[in-house]
Amino acid sequence: MLCLQTEVTEKTATGYSGVQIALHWLVAILIVAAWFSHDGAEAAMETLEKGGTVGFVPHVAFGMAVLVLVLLRLVIRLRRGAPAAPGVPGSLAVRAADWGHRILYLLMIAVPLGGISIWFLGMDNGDVHGLFGTALLLIALGHAAIALYHQFVLRDGLLRRMMKAE
Ligand code: HEM
Ligand code: HEM
């Protein structure tokens, strides 16, 4: 079995805390919910453009929840740290994992901010927002596939890090 223990670097913890784990899964669910509810936001925009009024828009609520929880998650991560990616420190795989996570964080913040610019500031950039929103979902899917590859092909127990608090 491949050992997950890696060299201790800055901001390294031995594992994710219960709060970090809960936030990871909650945010994942909210991103999927935001993506699948985008039709409602587009319909709401059309109604508003025609001078109508709209009530509760699930897409906006899911997306705003993503932003708030990701900012919280980032603060916790910066203060508490996260376990180093498995593998040889500095190797291509470890650097790819770190950059993959950074890109996910960047998109989890940038996509809702783009949504805010449309919904609250009336800017006309629905296409860009949609493109990056879909990129976020696809990169997250790739990330999930890699996690499952670690768990079931490499059998290094990676998934357990996001299941059991340490
Ligand atoms: C929208 C969906 C998802 C997003 C945005 C996402 C994002 C992230 C991010 C940013 C990290 C880095 C650790 C942190 O600071 O929280 C992470 C870790 C992790 N994620 Fe996800 N994730 C998603 C879905 C999933 C799914 C579906 C799985 C499992 C099949 C998964 C498994 C893991 C595992 C095992 C780790 C720990 C990796 C490590 O310790 O090196 N994630 N995720
Ligand atoms: C992770 C969070 C989010 C994801 C993944 C996401 C994804 C998407 C996608 C894929 C579209 C379709 C765009 C198109 O094809 O035209 C869309 C539209 C839209 N989103 Fe989001 N979004 C998120 C957060 C937000 C937030 C926080 C808001 C508002 C505060 C928002 C407001 C809107 C609006 C108003 C539209 C319709 C744009 C138009 O019709 O021009 N979104 N979103």
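In each ligand, atom 1 is the first atom listed, and ligand 1 is the first ligand listed.
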Does [X] reach the main-chain N or O of [Y] with its side chain, forming a donor-acceptor pair under 3.5 Å?
X: Ser37; Y: Ala34; value: yes
X: His129; Y: Gly115; value: yes
X: Glu166; Y: Tyr16; value: no
X: Trp25; Y: Met162; value: yes

Worksheet entry | Proximity of Met64 to ligand 2 by residue part, where a heavy atom lies under 4.0 Å | both
Worksheet item: ligand 2 versus His129, non-hydrogen atoms closer than 4.0 Å: side chain, backbone, both, neither?
Response: side chain
Item to complete: Please determine if atom 21 (Fe) of ligand 2 has an N/O/S atom from His59 lying under 2.8 Å away.
Response: yes
Worksheet item: Measuring from the heavy atoms of His24, does anything fall under 4.0 Å of ligand 1?
Response: yes
Taking atom types as modelled and ignoring hydrogens, do the side chains of [X] and [Y] form a donor-acceptor contact shorter than 3.5 angstrom?
X: Tyr105; Y: Arg73; answer: yes
X: Glu42; Y: His38; answer: yes
X: Arg80; Y: Gln20; answer: yes

Go through ligand 1 atom by atom and flag the ones less than 4.0 Å from a non-hydrogen atom of [X].
X: Arg77; value: 12 (C), 13 (C), 14 (C), 15 (O)
X: Leu148; value: 30 (C)
X: Ala144; value: 26 (C), 27 (C), 30 (C)
X: Ala140; value: 1 (C), 2 (C), 3 (C)
X: Leu159; value: 29 (C), 35 (C)
X: Ala147; value: 32 (C)

For [atom], the protein heavy atom that lies nearest, with its residue and separation:
atom: atom 40 (O) of ligand 2; result: Glu42 CG, 3.3 Å
atom: atom 28 (C) of ligand 2; result: Gly115 CA, 3.4 Å
atom: atom 41 (O) of ligand 2; result: Gly126 CA, 3.7 Å

Worksheet item: Going by distance only, is there an N or O of Tyr16 that falls short of 3.5 Å from an N or O of ligand 1?
Response: yes
Item to complete: Examine ligand 2 and decide if any of its atoms is less than 4.0 Å from a heavy atom belonging to Leu67.
Response: no
Worksheet item: For ligand 2, is there an atom lying under 4.0 Å from some heavy atom of Phe62?
Response: no
Worksheet, complete the sentence: In terms of its nearest heavy atom to atom 8 (C) of ligand 1, the top option of Arg73, Met163, Met162 is Arg73
Worksheet item: Where the closest heavy atom to atom 4 (C) of ligand 2 is concerned, which of Asn125, Val111, Val27, Leu136 has it?
Response: Val111
